[in-house]
Every structure is written in C-alpha cells, then in structure tokens.
Amino acid sequence: MIDLKQLRESPERFIQGAEAKNIDVDIDRLLELDQQRRDLLQKQETLRAEQKKIGKETGPQIGKLKGQLKSVEDSQRPELEARISELEARPAALKQQIHDLDESLAVIEPEWKKIQLQVPQPPDDDVPRGSSSDDNVEIRRWAPEGWDWDKSFEENRGFAPKTHLELVHDLNMVDFERGVKVAGSRSYVLTGAGMRLHQAVLAFGMQHICEKHGFRATSVPVLVREQAMVGTGFFPGGIEQTYHIDSDSTPGPGQDLYLTGTGEVGLMSLHSDEIVDADQFPMKYATVSTCFRREAGAAGKDTAGLYRIHQFDKVEQVIIDKADEATSRTHHETMISIVEELLQAMQLPYRLLQCCTGDLGSKNADMIDIECWIPGRGDEASNGRPAGEFGETHSASRLYDFQCRRLNLRYRDKDGKTIFCHSLNNTVVASPRILIPILEMHQQADGSIIIPDVLRPFMGGCERISS
RNA sequence: GGACAGGUGGCGGAGCGGUUGAACGCGCUGGUCUCGAAAACCAGUAUGCAUUUCGGUGCAUCGUGGGUUCGAAUCCCACCCUGUCCGCCA
C-alpha cells in the first residue's frame with residue numbers, strides 16, 4: 001500500500017509509476033474520492049465536536065429532569081417534558097446530520113479502499129523501463145570453469161544432452177503419470193533419487209542460509225487468513241493464482257483460508273500489527289515451505305515436466321529492517337549474493353536479470369531475477385533438439401515500506417515516532433524446479449548424473465545417480 | 001459432532017449507561033537518593049487522522065459492523081476471532 005500523503009503531494013510520481021508497470025488504476029479517481037472523503041470527515045468532525053460539547057452541558061440536566069419526571073405530579077409534567085424536548089432538540093438535529101454524513105462516507109469508502117490497494121509501488125528511478133520480461137536487462141552471468149557461453153552444451157561437454165524429462169524417466173526419478181492420476185495436470189510424484197535430491201537441495205539451502213548467514217530458521221503456516229494475503233500484497237491482484245479453502249461449499253470453523261504460493265506470506269505476516277523492537281534489526285528469517293499456485297492463465301505454457309507445477313517446495317529468505325533506502329539496497333545485494341554462492345556451490349551457470357518496470361509486479365520497487373541455464377529448454381536447434389535457454393529459478397524483491405504498510409508492521413525511531421519497516425524477500429532455492437538445471441547440467445555421457453559435492457552430505461554421501 | 005466461556009492500552013487486569021482514553025499492577029523512559037548499582041520515592045508513558053502562531057487543539061479508536069439512547073467500553077443484533085470441556089481422529 002502506498003502512502004496517501006505522498007500520493008496527494010506528488011500524484012504524478014504514482015501515475016507514472018503505474019503507467020511504467022503497465023497497471024491500470026484510476027489514480028485521479030482515488031484522489032477525487034480522497035478529497036471528498038476528507039471534506040466529509042472534516043464536516044463530521046466539526047459536528048461531533050459540537051455534539052459532544054452540548055452533550056456535556058445538557059446531558060446531566062436531561063438526566064436529572066427525566067428523573068424528576070417520574071416522581072412529579074401530573075400537572076407539572078407538561079412543563080418538564082417541554083424543557084426536556086427543548087434540550088434534546090439540538091443534539092438530535094446534530095445526530096441526524098452526522099448520520100447523513102456517515103451514509104455519504106459509506107458510499108465512497110469501499111471504492112476508496114479498493115483503488116488504494118490497487119495502486120502499485122512506483123519503480124525506482126534506476127529500474128529500466130519496459131513492458132514485459134523481454135525488456136529485462138542482463139546484469140551479469142557466471143558459469144563454472146570450463147563452460148563456454150558461446151558454445152552449445154554438446155560443444156562444451158562432448159555429447160548431446162538429454163532433457164530433464166528424459167533424464168528423470170531413464171533414471172526413474174519422477175512418476176508424472178501417477179501424479180496426474182492423483183492430482184490432475186501439472187502434478188508429479190518424485191521417486192527414489194528424485195525425492196532424495198529434492199530434499200537434499202532444500203536441506204542444503206536451509207543449512208546455508210541459517211548457518212552461514214544467520215537467518216533464523218522458522219516454520220510458517222501455508223494455510224492462511226485472507227488478511228495475510230492482503231497484508232503481504234498478494235491480494236487483490238493475485239487472487240486468481242491462489243487456492244481457496246472455501247467456506248461456502250464446506251461451512252464450519254477454519255474453512256475460509258488460502259494456500260500460500262510462497263513462504264514469504266507466512267514469514268512477513270509473523271509480525272503484522274506489531275511495533276517491533278528496532279534493536280532486533282535486521283530481522284532475518286528463512287523458511288522451507290510447500291507452495292501452491294493455480295497457474296491460472298498459464299494454460300499451454302511449460303506443460304511438460306517439473307518447470308511449472310501447482311505444488312512445490314521452497315526455501316525463502318526475508319529481511320525486515322528500518323526504513324532506509326540505502327540499507328534496503330544493501331540487503332538486496334546481500335540476499336542475491338547468498339543465492340549466487342549457492343548456485344556456484346552447485347556449479348550451475350546462471351545470469352542475473354534486472355527486471356524492467358513492466359515485469360516488477362505491483363509491490364516491488366525493484367526486482368532481480370536469477371535464471372539458471374537449462375540446456376533442455378527453448379526452441380529447437382537445427383538438430384531438432386532444444387537449443388537451451390535460461391529459466392527463472394529465483395526472484396529477489398525490494399519493497400521498501402509498501403508491504404509493511406499493508407501489514408501494519410512498524411518500529412520506533414530514536415524520537416519515539418512509529419515508522420513502517422522496510423522488507424525484502426528472495427528465493428533461496430525452489431525445488432523441484434532447481435532440479436532441472438542440476439540434472440541437465442550434471443548429466444554425463446553415459447546418462448548418469450554426478451551429484452554436486454555440496455549436496456552429497458544430504459544424500460548419505462551418494463555421488464552419482466545412475467540407472 | 002455436542003456443551004460452554006471470552007475478546008479492553010506494550011503485557012496482565014478492572015470497569016458493565018453520564019468529565020472513563022479508560023482504575024490498579026507490571027514493563028518502559030526521565031528524575032531524586034547512591035562512590036556506583038539495586039531497592040525506594042517522584043514524574044511521564046496508546047494509536048490513527050486532521051489542524052497548528054509547533055505550546056497545543058479537535059475527532060476517532062475498548063474484536064468488526066449495525067442498532068437503541070440526549071449520551072455506549074458498558075444495553076440489543078449480526079459477523080469475525082480466541083479459548084475451555086466432552087466426543088472423534090492422529
């Protein structure tokens with residue numbers, strides 16, 4: 001959520017920000033409603049002040065007179081009643097006016113709130129303008145020694161690569177058919193070495209971020225209240241991406257909940273509605289959680305394999321810290337470098353992409369995607385085999401106070417003022433998607449797969465997966 | 001599935017129709033005392049919005065929304081949430 005004060009002061013910044021992000025939101029209308037609302041509130045406040053003042057003066061009198069009314073003789077009643085109704089007349093009139101203003105406000109506020117939740121955070125000035133992921137800008141890339149970016153996998157390694165689909169089939173690591181039988185399209189069942197490797201990657205990710213970088217290991221609810229989805233900024237925009245445990249069809253307590261698409265929701269919601277102690281900054285959390293995504297609107301895209309699926313597991317990192325842009329930028333770089341360490345440790349070639357304004361999503365001021373090289377992806381080369389392509393495996397967001405404002409997550413500065421925190425989040429590792437580059441990049445000419453050193457301790461020392 | 005209880009400030013906990021934005025306790029901040037600390041004592045200590053001659057001032061907020069009333073934390077209705085006991089399941 002954006003700061004309405006800032007919006008009033010510099011609406012252009014937000015209008016241009018929404019435009020750059022390709023988000024259609026009627027900011028002029030919001031400003032208009034905001035002005036109306038403020039006018040109404042001001043009028044109402046004045047009336048209330050008067051009502052209160054009168055109430056203090058005449059209230060006790062009325063009470064006393066009404067008491068007398070009970071014990072007094074009939075002949076004196078009319079006079080008493082007249083005095084009471086005289087005293088009651090003014091506050092009653094005020095009450096009616098205040099009530100009318102309430103009704104006017106009730107007309108405005110739903111739309112006012114709705115648009116407010118839709119206004120995106122303007123992108124930072126140094127984010128390149130663009131309309132889609134095609135306009136993202138590569139920052140840098142890395143590959144293990146011996147890998148030549150100008151050559152194909154076959155030229156680099158001396159044999160034609162299999163796709164991950166072929167590999168998991170040949171090595172019996174995934175059962176897609178039964179996955180689909182049980183759970184429908186985009187479902188899978190990891191088996192044997194597939195499941196072991198999946199768990200190894202997640203365990204490695206948790207170990208790395210917690211032990212090497214001091215993030216606090218934390219579990220999160222993956223079934224959450226709507227407020228957590230709104231607070232973290234996934235709603236209203238992402239509602240069609242989200243599974244809903246529906247109270248209409250299955251009434252009863254605990255039935256109106258949503259399945260989270262990322263551990264970020266649970267982690268960031270931990271401190272919602274809190275004024276956290278600034279001494280704890282920066283607050284660094286890591287979790288591993290199952291993530292659920294409906295992938296609505298992605299029909300026909302990446303239908304085969306482990307790339308785009310409804311359910312996966314992810315190690316996620318978040319940082320909450322004081323409201324300072326420079327600090328946020330530093331954290332952002334740190335969180336990205338943690339991922340780079342991990343990918344380098346697993347010897348996976350990757351590149352960093354600066355996402356353009358059109359690809360940022362509504363809540364980010366800046367976002368860096370990390371893409372691993374996947375030999376089995378992409379268009380067909382002349383030999384009829386995939387030419388290889390980068391595939392997004394990580395996404396690092398810098399949100400400033402946009403998310404914490406929604407979550408009502410604050411701290412006190414030196415002067416005791418409450419301030420909304422800044423937040424950031426980044427994938428540590430998401431599996432099984434990350435298994436795709438691991439399998440494809442570490443495959444051998446004989447069809448076996450060499451397990452990266454760093455994962456072996458989590459697989460009982462196993463060095464190689466072969467049929 | 002059945003039977004209840006309850007939602008008040010950073011926390012605990014009063015209040016159940018009239019200066020109650022809210023007693024009391026704890027915590028926190030400042031001060032006195034002390035060589036220093038603890039204890040004791042004194043003072044202060046909610047959030048949001050608006051307004052301001054930056055000293056304040058006004059309004060709202062006791063789960064949420066509506067209602068009754070001249071007046072609601074207090075009464076009524078609906079909803080949300082939390083907890084307890086029994087049953088069931090792991």
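Predicted, not measured: the structure shown is a model, and the values here were computed from it. Protein chains get the first letters and strands the later ones, always in sequence-line order, with residue 1 at the start of each.
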*For Lys5(A), report the nucleic acid contact type (base, sugar-phosphate, nothing); a contact means any heavy atom under 4.0 Å.*
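Sugar-phosphate: the residue Lys5(A), judged by heavy atoms under 4.0 Å, touches backbone atoms but no base.
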*Pick the nucleotide of RNA chain B nearest each of Arg8(A) and Gln44(A); which residue has the one closer to the 5' end?*
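The residue mapped nearer the 5' terminus is Arg8(A).
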*asked:* Nearest heavy atom decides the nucleotide; on that basis, is Arg225(A) or Glu50(A) closer to the 5' end of RNA chain B?
replied: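 The residue whose closest nucleotide sits nearer the 5' end is Glu50(A).
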Taking [M] as the reference, what is the distance to [N] when you measure between their [atom1] atoms (whole Å, please)?
{"N": "U52(B)", "M": "C33(B)", "atom1": "C1'", "answer": "41 Å"}
{"N": "U19(B)", "M": "C62(B)", "atom1": "P", "answer": "16 Å"}
{"N": "G58(B)", "M": "A78(B)", "atom1": "P", "answer": "38 Å"}
{"N": "G48(B)", "M": "C11(B)", "atom1": "P", "answer": "15 Å"}
{"N": "A73(B)", "M": "G17(B)", "atom1": "P", "answer": "13 Å"}
{"N": "G6(B)", "M": "A40(B)", "atom1": "C1'", "answer": "39 Å"}
{"N": "U69(B)", "M": "A14(B)", "atom1": "P", "answer": "32 Å"}
{"N": "C16(B)", "M": "U74(B)", "atom1": "P", "answer": "12 Å"}

With a 3.5 angstrom cut-off on both distances, give the Watson-Crick or G-U wobble partner of [N], or none if there isn't one.
{"N": "A72(B)", "answer": "none"}
{"N": "U20(B)", "answer": "none"}
{"N": "C59(B)", "answer": "G48(B)"}
{"N": "A78(B)", "answer": "U64(B)"}
{"N": "U29(B)", "answer": "A43(B)"}
{"N": "A14(B)", "answer": "none"}

Integer-rounded Å distance: [N] [atom2] and [X] [atom1]:
{"X": "His99(A)", "N": "U68(B)", "atom1": "NE2", "atom2": "P", "result": "8 Å"}
{"X": "Asp102(A)", "N": "U61(B)", "atom1": "CG", "atom2": "P", "result": "10 Å"}
{"X": "Arg405(A)", "N": "G48(B)", "atom1": "CZ", "atom2": "P", "result": "11 Å"}
{"X": "Lys95(A)", "N": "U69(B)", "atom1": "NZ", "atom2": "C1'", "result": "6 Å"}
{"X": "Ile98(A)", "N": "U69(B)", "atom1": "CD1", "atom2": "P", "result": "15 Å"}
{"X": "Asn408(A)", "N": "G63(B)", "atom1": "CG", "atom2": "P", "result": "17 Å"}
{"X": "Leu41(A)", "N": "G48(B)", "atom1": "CG", "atom2": "P", "result": "17 Å"}
{"X": "Gln35(A)", "N": "A50(B)", "atom1": "CD", "atom2": "P", "result": "11 Å"}

*Partners of Asp3(A) by salt bridge (Lys or Arg N to Asp or Glu O under 4.0 Å), sequence neighbours excluded?*
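Listed in chain order: Arg405(A).
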*Go through the structure and list residues passing salt bridge (Lys or Arg N to Asp or Glu O under 4.0 Å) with Arg13(A), not counting sequence neighbours.*
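Residues passing salt bridge (Lys or Arg N to Asp or Glu O under 4.0 Å) with Arg13(A): none at all.
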*Checking Arg225(A) against Tyr258(A): charged group under 6.0 Å from the ring centre and within 45 degrees of the axis?*
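Not flagged: Arg225(A) not positioned over aromatic ring of Tyr258(A).
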*Check the angle between the aromatic planes of Tyr285(A) and His271(A) and answer parallel, tilted or perpendicular using the 30° and 60° thresholds.*
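Ring orientation of Tyr285(A) relative to His271(A): tilted.
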Residue [X], side-chain heavy atoms: nucleotide from [options] that is nearest:
{"X": "Arg38(A)", "options": "A50(B), A46(B), G48(B)", "answer": "A50(B)"}
{"X": "Arg412(A)", "options": "U47(B), U51(B), U82(B)", "answer": "U47(B)"}
{"X": "Thr418(A)", "options": "G67(B), A50(B), G48(B)", "answer": "G48(B)"}
{"X": "Lys52(A)", "options": "A50(B), C81(B), C59(B)", "answer": "C59(B)"}

*Would Asp321(A) and Tyr411(A) count as having a side-chain donor-acceptor pair, cut-off 3.5 Å?*
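Side-chain D/A pair, Asp321(A) to Tyr411(A): absent.
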*Between Arg406(A) and Asn408(A), does any side-chain donor sit less than 3.5 Å from a side-chain acceptor?*
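On atom types as modelled, these side chains do not qualify, holding no pair under 3.5 Å.
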*asked:* Expected output is a numbered-order residue list: members of residues 271-280 of chain A with a heavy atom under 4.0 Å from any atom of RNA chain B. What is it?
replied: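 Contacting residues: none.
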*Which residue, Arg8(A), Arg29(A), Lys5(A), forms the salt bridge (charged side-chain N to carboxylate O under 4.0 Å, His left out) with Asp34(A)?*
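The residue from Arg8(A), Arg29(A), Lys5(A) that satisfies salt bridge (charged side-chain N to carboxylate O under 4.0 Å, His left out) with Asp34(A) turns out to be Arg8(A).
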*asked:* Please classify G65(B) as syn or anti, treating any glycosidic angle within 90° of 0 as syn.
replied: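 The base of G65(B) is oriented anti (glycosidic angle more than 90° from 0).
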*So, Arg329(A) and Glu325(A), do they make that salt bridge, N to O below 4.0 Å?*
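A salt bridge links Arg329(A) with Glu325(A).
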*Hey, which of Arg37(A), Lys43(A), Gln35(A) is the one that makes side-chain hydrogen bond (donor to acceptor under 3.5 Å, both in side chains) with Asp39(A)?*
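Option passing the side-chain hydrogen bond (donor to acceptor under 3.5 Å, both in side chains) with Asp39(A): Gln35(A).
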Counting only side-chain N and O atoms of [X], is one of them less than 4.0 Å from OP1 or OP2 of [N]?
{"X": "Thr46(A)", "N": "G58(B)", "value": "no"}
{"X": "Arg410(A)", "N": "G48(B)", "value": "yes"}
{"X": "Arg48(A)", "N": "G71(B)", "value": "no"}

*With side chain to side chain donor-acceptor pair (under 3.5 Å) as the test, would you mind laying out the steps for Tyr243(A) and His310(A) before giving the verdict?*
CA-CA 10 Å; Tyr243(A) 290 101; His310(A) 288 309; 3.1 Å; yes
